[in-house]
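Read through the structure below, which is laid out as structure tokens, and then see the notes.
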Amino acid sequence: MSNLFDSDSPTNLAEYSVSELSGSIKRTVETAFDQVRVRGEISGYRGPHSSGHAYFALKDDRARIDAVIWKGTFSRLKFRPEEGMEVIATGKVTTFPGSSKYQIVIETLEPAGAGALMALIEERKRKLGAEGLFDAARKKRLPFMPEVIGVVTSPTGAVIRDILHRISDRFPVHVLVWPVKVQGEGAGDEVANAIRGFNALERGGGIARPDVLIVARGGGSLEDLWSFNDEIVVRAAAESQIPLISAVGHETDWTLIDYAADVRAPTPTGAAEMAVPVKAELEAQAAALTARLQGCMNRQMDQRRQSVRALMRALPSLDQLLALPRRRFDEAAAGLGRGLALNTINKRRGFERVTAHLRPDVLSNRIAERRQLLSERMARAERTVERLLDRSKSRIDRAEAILASLPTRLKTQTDRGRERLGNLTRHADTAIRHQLTRARAELSAQDRVLQSLSYKNVLKRGYAVIRDEDNRPVSQAAALSAGMGIAIEFADGRVGAMTTEGGAPPAGAKKRSVKLADPTKQGSLF
């Protein structure tokens, strides 16, 4: 500060520097407005800065004041500021000397009454409902008997203990708990991530995929339940492929997740009761159904047994069924002898009638008839031959006439034939050369295949073929006996040999010569 009694000053007013004046104003404002509560509408909110601080303004219909929420305070807020929300901010007023502006540093922030929150909820409800997230047609049915239940809630509250206790009493199943915050900053993000995380699990993986999800929280004020009104939570619940039960608050508490969930439970305990049936009731129902089924089977068996007995009484006895066939059999057996005698007599009479017709005069007459018939046929054949000879003579005459004019015609046809024959000869020579070329190529290929498959290539590697006396290949030792002549074929020729059984052939055994086949004729190994 400059001297107050400076002789150069035209007045007695004190002289300040810009920094001194700004600092004095800052101290004055902070002292006068150390703790204030300001009601206004949030304006210009764009979310937290990259540094974690939030900058925006509070306004009403006549004025506007800048506001800031430092990073540490922002993480402790129960509500996330939103553009257009009417709030009550508590903090202190300070100045920013660098630009001669004043602002309020907010320490706590709360909505300006339940009416504003309800209006915000209603607006968000209309927006999400227009997108179809609350439609009843998209809601899924809960499984009757789930094997795994996923619970999204706080791991330290009484809610998870109530759910586990109720499930254990009714029908014990495997429960997976995804721990999350259920109020405060970041609670909505954690709940949404938990729902999407359960849906991302694969069936048959290391962690079992739940058959039903429960999102639960105990009761509280509208501010305490505000995280379950976040748009990200509602969208995650609507997108869930796993059936989801919402159990947030008490029976009178409603949040937006209740509309997006497949089923809304009044309490977390009620959600556990909806998720699983009562095991004792199922066992009793199964026992009752088993007893009814056994009774029905017994009654049906009794009815079938009575029906069979009634049918048996209606059937005739065995003697009654066999009486008529027996009588027929006896009558047929009694008449069999008479029938054979009558049949013999009838056959004899027929033979006698045929014999009566076999007389010499009858045979002579039939021979004469046959000879006459043969003579007539020979006469007709002679006349036919004569007619054919006449026709042939006529054709020969016509042919002689044609032959007379034949030299001229033959010369013309011969010239044409020679020309055509020359063309055909040239074509034939070309075709024969091509055919011979293809045949030589095919023969060479077949010869190569034959050489590759020939057993003589095997003989060249040191093997031999044994043949018996009939020049047939022998593949087993059991086919040979002692003293039997064999032929052994090597790659360079054949030799004869005599089989033994571990020694020389028996004395007196007659040696039989082995007839060797022509080595040029290849035998078959197969």
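Everything quoted here is computed from the prediction, not taken from an experiment.
- Distance CG/L225 to CD/Q183: 8.5 Å, rounded to 0.5 Å.
- Side-chain contact between F490 and I488: present, with at least one pair of heavy atoms (C-beta onward) separated by less than 4.5 Å.
- Taking the charged nitrogens against the carboxylate oxygens, R235 and E231 do have a contact shorter than 4.0 Å, which makes a salt bridge.
- Residues P146 and V276 have side chains in contact (heavy-atom distance under 4.5 Å, counting atoms from C-beta outward).
- The backbone N or O of A216 lies less than 3.5 Å from a partner atom in the side chain of T153, making a donor-acceptor pair.
- Remark: side-chain polar atoms of K139 are paired, donor with acceptor, to backbone N or O of A261 under 3.5 angstrom.
- Under the 3.5 Å distance criterion, the side-chain polar atoms of R166 are left unmatched by any main-chain donor or acceptor of S168.
- Taking CZ of F171 as the start and CD of E281 as the end, the distance is 12.0 Å to the nearest 0.5 Å.
- By the salt bridge (charged side-chain N to carboxylate O under 4.0 Å, His left out) test, R203 pairs with D211, sequence neighbours left out.
- Of the inter-residue distances, the one linking E273 atom CD with R170 atom CZ reads 5.0 Å to the nearest 0.5 angstrom.
- For R313, the side-chain contact (heavy atoms from CB on, under 4.5 Å) partners at least two apart in sequence or on another chain are R309, A310.
- Taking the ring pair (Phe, Tyr, Trp, His ring centres under 6.0 Å) definition, one finds that F56 meets it with Y45, sequence neighbours left out.
- Ionic pairing of D330 and R327 is not present here: no N-O contact between side-chain nitrogen and carboxylate oxygen is shorter than 4.0 angstrom.
- The number of heavy-atom neighbours closer than 6.0 Å to CD of E147, taken from other residues, nucleotides and ligands shown, is 12 or below.
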Self-check item: Working for side chain to side chain contact (heavy atoms under 4.5 Å, CB included), residues D230 and R124
Solution: CA-CA 9 Å; D230 284 352; R124 189 173 294 171; 4.1 Å; yes
Quiz item: Can you list the steps and then say if T430 with R433 is a side chain to side chain contact (heavy atoms under 4.5 Å, CB included)?
Solution: CA-CA 5 Å; T430 304; R433 285 195 297 271; 3.4 Å; yes
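- Nearest heavy-atom pair, V191 versus V180, reported as atom, atom and distance to 0.1 Å: CG2-CG2, 4.0 Å.
- Counting non-hydrogen atoms of neighbouring residues, nucleotides and ligands closer than 6.0 angstrom, the NZ atom of K181 exceeds 12 such neighbours.
- For NZ of K71, the number of neighbouring non-hydrogen atoms (other residues, nucleotides, ligands) closer than 6.0 Å is 12 at most.
- At distances below 3.5 Å, at least one donor-acceptor pair connects side-chain atoms of S75 with backbone N or O atoms of G72.
- Inter-residue side-chain proximity for P210 and L201 is flagged as met; some heavy-atom pair is nearer than 4.5 Å.
- Under the side-chain contact (heavy atoms from CB on, under 4.5 Å) criterion, T90 pairs with Q35, R37, T108, not counting sequence neighbours.
- Partners of H53 according to the ring pair (Phe, Tyr, Trp, His ring centres under 6.0 Å) rule, which considers only residues two or more places apart in sequence or in another chain, are W70.
- The side-chain contact (heavy atoms from CB on, under 4.5 Å) search around V87 returns I42, L58, M85, L109, not counting sequence neighbours.
- With sequence neighbours left out, the salt bridge (charged side-chain N to carboxylate O under 4.0 Å, His left out) criterion links K26 to E30.
- Salt bridge status for R64 with D66: present, with a side-chain N to carboxylate O gap under 4.0 Å.
- Proximity of V248 to V182: side-chain heavy atoms (C-beta onward) are nowhere separated by under 4.5 Å.
- Using a 4.0 Å cut-off between charged side-chain N and carboxylate O, E331 and R328 make no salt bridge.
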Below 3.5 Å, can you tabulate the donor-acceptor pairs from side chains in residues 292-301 to any protein atom, sequence neighbours excluded?
from	atom 1	to	atom 2	distance (Å)
Q294	NE2	N298	OD1	3.4
N298	ND2	Q294	O	3.2

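- Between L256 and K125, some side-chain heavy-atom pair lies under the 4.5 Å cut-off.
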Quiz item: Do I207 and E202 pass the side chain to side chain contact (heavy atoms under 4.5 Å, CB included) test, and can you show the C-alpha distance, the side-chain angles, and the key distance before you say yes or no?
Solution: CA-CA 8 Å; I207 301 177; E202 297 182 358; over 6 Å; no
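- Residues forming a ring pair (Phe, Tyr, Trp, His ring centres under 6.0 Å) with F228 (at least two apart in sequence, or on another chain): none.
- S51 meets the side-chain hydrogen bond (donor to acceptor under 3.5 Å, both in side chains) test with H49; sequence neighbours excluded.
- Checking side-chain atoms of T73 against main-chain N and O of I69 turns up no donor-acceptor pair under 3.5 Å.
- The number of heavy atoms from other shown groups lying within 6.0 Å of CZ (R141) does not exceed 12.
- Across all non-hydrogen atoms, the minimal contact from T267 to A247 is O-CB, 3.7 Å.
- The distance from the CD1 atom of I242 to the CD1 atom of I149 is 12.0 Å, given to the nearest 0.5 Å.
- Residue-environment remark: CZ (R420) stays at or below the threshold of 12 foreign heavy atoms within 6.0 Å.
- Scanning both residues, S240 and N199, for their nearest heavy atoms gives OG-ND2, 3.0 Å.
- Across all non-hydrogen atoms, the minimal contact from G52 to F74 is O-CB, 4.3 Å.
- Judged as a ring pair (Phe, Tyr, Trp, His ring centres under 6.0 Å), not a single pair has a partner in residues 265-317 (not counting sequence neighbours).
- Of the possible polar contacts, none joining the R138 side chain to the G132 backbone as a donor-acceptor pair under 3.5 Å is found.
- Listed by first and then second residue, the ring pair (Phe, Tyr, Trp, His ring centres under 6.0 Å) pairs that reach into residues 125-168 are F134-Y259, sequence neighbours excluded.
- Put simply, CD on E190 and CD1 on I232 are 11.0 Å apart, with the number rounded to the nearest 0.5 Å.
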Practice problem: Given side chain to side chain contact (heavy atoms under 4.5 Å, CB included), test V148 with L176 step by step and report yes or no. | Solution: CA-CA 7 Å; V148 181; L176 294 176; 4.0 Å; yes
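- For T28 (side chain) and S24 (main-chain N/O), a donor-acceptor pair under 3.5 Å exists by modelled atom type.
- No side-chain donor-acceptor contact under 3.5 Å links D162 to the backbone of T269.
- Between the OG1 atom of T255 and the CZ atom of R264 there is a distance of 8.0 Å, given to the nearest 0.5 Å.
- Nearest heavy atoms, G150 versus F198: CA-CZ, 4.0 Å.
- The two residues M145 and L282 come nearest to each other via the heavy atoms CE-CD1, 3.5 Å.
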